[in-house]
A.B. asks: 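The structure's right below; bear with me while I get my questions together.
All values derive from a computational prediction rather than experimental measurement.
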2 protein chains.
Amino acid sequence: MKLGQATIKDIAKELNVSLSTVSRALKDYPGISNETKRKVKELAEKLNYRPNAIALSLRKSKSFTIGVIIPEVVHFFFSTVISGIEEVAFANGYNVILCQTNEKLQRELSSIEAMLDNQVDGLLVSYSKETEDFNHFTKLLKQNFPIVFFDRVPEIENTVNVTVNDFKGAYDATSHLINQGYKNIAHLAGPKNLTISRKRLDGYLAALQDHSIKHNPDWIIPCPIGTQEESFEFTKRLFENEKAKPDGIFASNDIAAAGAMMAVKSLGLKVPSDVGVVGFSDWQFSSMIDPPLSTVSQPGFQMGEKAISLLLEMINKKKDETWTPKTVVLETELIIRKSSEKIITE
Amino acid sequence: MKLGQATIKDIAKELNVSLSTVSRALKDYPGISNETKRKVKELAEKLNYRPNAIALSLRKSKSFTIGVIIPEVVHFFFSTVISGIEEVAFANGYNVILCQTNEKLQRELSSIEAMLDNQVDGLLVSYSKETEDFNHFTKLLKQNFPIVFFDRVPEIENTVNVTVNDFKGAYDATSHLINQGYKNIAHLAGPKNLTISRKRLDGYLAALQDHSIKHNPDWIIPCPIGTQEESFEFTKRLFENEKAKPDGIFASNDIAAAGAMMAVKSLGLKVPSDVGVVGFSDWQFSSMIDPPLSTVSQPGFQMGEKAISLLLEMINKKKDETWTPKTVVLETELIIRKSSEKIITE
């Protein structure tokens, strides 16, 4: 039997169980005994059963459905990306189904399974903070299954990606703080395994260097969870413990910036006169908080439009025709509000 | 041929076109000529082709996928509901796929089609603001397809629903404003066709009546779109035009409340000393705006948990076994913040 030719029927027949038992056993669903799971998995491995390969080769017609995998639907930036995706998808007769991973690798894996079971024609993916191994994507890409990555670009060769210029956005935000007269700028960084976190950190460091400011490694604070509570705690600790207190904060997202601002205020310091704060990604609430938060706006809607357009191109290619790897980089925009206005123009 | 027995194969064969052409023609997708669409649709009607009936009767095994249809993923309340749904779904070996309707009936219809094409085992639905005719749901329910409605309960008999006590929430919010000393309370209402809007309005009116305050019909302002800009405009107009100005605002959601607060402030009035404001549904930003917004918190997570639990019960019933119609009502909680604190306790 050639690689990938066994079906769940073969497994079910050989073990004398139902198709649904095999399917559920392979997916580790509850309600199936460990003994059965073991037997099914062993035989599947022996027969070189590969679910996705089979599913993909069985596809006869398009489903006109696109699957979108995102970390969190409530994230304002992602919701604008989704709007862009949907706009183009609906105009082209495609439906869009979403799965959120809640930043969990396990949910990312099962979401992809569900999407493939549902015969989506292609995937738009922004992977989870937990994802460090990209095998589940490379497997699909090798089978010529259309995937476009957006915002978070994985370290896989020859992919199609849409991202924003995170380096430039961070550079602009930090330079703005420096130009306003803030000299001791701390950085609340994103999770280390995300390329966007590293690029924003690099932009921050480059801006300091270009203004001949030496960076303080203790003032680069990774915020792996990304909640307001986390950045509140970390910021409070930073300001309470250090001798030379920072007078500026560049946060890798607006939630972290909001938490930092609350921490600074809780210590009796004022924003922006004592401490200037700039966030990243212009959440819906950012203009409404006190003081309104300066931030780096990302073109979410255009990102969605571009990502789905590239995906539709891939889907509409002839079978076996390959696509050209590329990364489209969209520009950000610095939005200056009160939280970073130290210089009052008369 | 009996009702609902024709398949797209019969149509394709008779017209000598491909299955995919028939499928796309029936769904009005682009790329199919109007002539073909007409022919396909006429024959489908003649043969009594009913896509959902067929799709449903062909279902052999469960897909272990639940479809969730919501107006907007960025809506904080809905995102908490989704979390509750996902928690229970994943624990039971189910995946969750989402479609957002953007409050459009057309997208609701095509999302349901996509979900059924994808063979979801059941649907959790919060319908769009545009939906006034519930035929697309009653058709499915007649075929015993499991649907649980949440938050927005449609006017269909014998459904299973999970909602919150909107009347009580609105009553509590309005009573709180009255007890704080605000006597002239306006109401920014939700879209008229949503039951929740009517219940919140009823709660507002009942609270005024119970405190012997006559309501002013001009101060009940429907906000059909639900954006901050809309409520900003309407609130400004209300305060500029009326002789007896309101001193309190109860808004049917926090976005509207935030817009109203900005309008009040733009007119030089102060919140809460001149005007008290209370919203509904405790968005993520509501505690961070200036002043922090009093609001009615809804148990979104529990709503999601309850809705999926009821749906799984329905899915796991034996074929032809019917379910008991019911509406589970969850209680709200009034969250008092600065925006409505007229009485300063010493």
Side-chain angles (χ1 to χ4, degrees), chain A residues 18-20 23-24 27-32 60-65 67-68 70 72-76 78-80 82-83 86 90-100 102 104 106-107 110-111 113-115 117-120 228 255 258 261-262 283-286 288-293, chain B residues 18-20 23-24 27-32 60-65 67-68 70 72-76 78-80 82-83 86 90-100 102 104 106-107 110-111 113-115 117-120 228 255 258 261-262 283-286 288-293:
Chain A
S18 73
L19 293 180
S20 128
S23 167
R24 301 191 75 189
K27 288 174 186 166
D28 258 332
Y29 283 152
I32 306 284
K60 276 171 201 147
S61 61
K62 293 205 286 185
S63 65
F64 291 93
T65 301
V68 180
I70 39 168
E72 275 189 303
V73 289
V74 73
H75 198 304
F76 185 65
F78 287 122
S79 75
T80 60
I82 293 169
S83 300
E86 289 181 335
F90 286 113
N92 284 276
Y94 282 77
N95 275 299
V96 175
I97 59 176
L98 314 168
C99 280
Q100 69 172 353
N102 269 313
K104 302 262 178 272
Q106 201 46 52
R107 289 204 180 175
S110 74
S111 296
E113 281 300 324
M115 294 271 182
D117 284 354
N118 291 331
Q119 306 237 320
V120 294
Q228 204 178 309
I255 294 275
M261 217 148 83
M262 286 173 127
W283 281 57
Q284 208 175 11
F285 69 80
S286 306
M288 296 192 271
I289 59 177
D290 176 33
L293 180 66
Chain B
S18 73
L19 294 180
S20 127
S23 167
R24 300 190 76 191
K27 287 174 188 167
D28 259 332
Y29 282 151
I32 306 284
K60 275 170 200 148
S61 60
K62 292 205 286 184
S63 65
F64 290 95
T65 302
V68 180
I70 38 168
E72 275 188 303
V73 289
V74 73
H75 198 303
F76 186 65
F78 286 122
S79 77
T80 60
I82 293 169
S83 300
E86 288 181 335
F90 285 112
N92 284 277
Y94 282 78
N95 275 300
V96 175
I97 58 176
L98 314 168
C99 280
Q100 68 173 353
N102 269 313
K104 302 262 177 272
Q106 200 45 52
R107 290 205 180 174
S110 75
S111 296
E113 281 299 324
M115 295 270 183
D117 284 353
N118 292 331
Q119 308 237 317
V120 294
Q228 204 178 309
I255 295 275
M261 218 149 82
M262 286 172 128
W283 281 57
Q284 207 176 11
F285 69 80
S286 306
M288 295 193 271
I289 60 177
D290 175 34
L293 180 67

A.B. asks: Measure A:E72 against the heavy atoms of chain B and call it side chain, backbone, both or neither at under 4.5 Å.
C.D. replies: neither
A.B. asks: I'd like to know which of B:A258, B:S110, B:C99, B:S79 tops the heavy-atom pair count under 4.5 Å against chain A.
C.D. replies: B:S110
A.B. asks: Could you give the distance from CE (B:M288) to CD (A:Q228), rounded to the nearest 0.5 Å?
C.D. replies: 4.0 Å
A.B. asks: What part of A:N95 lies closer than 4.5 angstrom to a heavy atom of chain B: side chain, backbone, both or neither?
C.D. replies: side chain
A.B. asks: Only counting residues at least two apart or in another chain, list the ones meeting ring-ring contact (aromatic ring centres under 6.0 Å, His included) with B:F76.
C.D. replies: none
A.B. asks: Measure B:Q106 against the heavy atoms of chain A and call it side chain, backbone, both or neither at under 4.5 Å.
C.D. replies: neither
A.B. asks: So which residue, A:L98, A:V96, A:V73, A:D290, ends up with the most heavy-atom pairs under 4.5 Å with chain B?
C.D. replies: A:L98
A.B. asks: Could you pull out all residues at least two apart from A:S286 that satisfy side chain to side chain donor-acceptor pair (under 3.5 Å)?
C.D. replies: A:D254
A.B. asks: With only heavy atoms counted, which part of B:Q100 is less than 4.5 Å from chain A, the side chain, the backbone, both or neither?
C.D. replies: both
A.B. asks: Rounded to the nearest 0.5 Å, what separation is found between the CZ atom of B:F285 and the CG atom of B:L293?
C.D. replies: 7.0 Å
A.B. asks: Locate the shortest heavy-atom distance separating B:M261 from B:I289; write the atom from each residue and the value.
C.D. replies: CE-CD1, 3.5 Å
A.B. asks: Answer with side chain, backbone, both or neither: which region of B:T65 has an atom nearer than 4.5 Å to a non-hydrogen atom of chain A?
C.D. replies: side chain
A.B. asks: I need the B:E86 CD to A:S111 OG distance, nearest 0.5 Å.
C.D. replies: 7.5 Å
A.B. asks: Below 4.5 Å from any heavy atom of chain B, which atoms of A:M262 appear? Answer side chain, backbone, both or neither.
C.D. replies: side chain
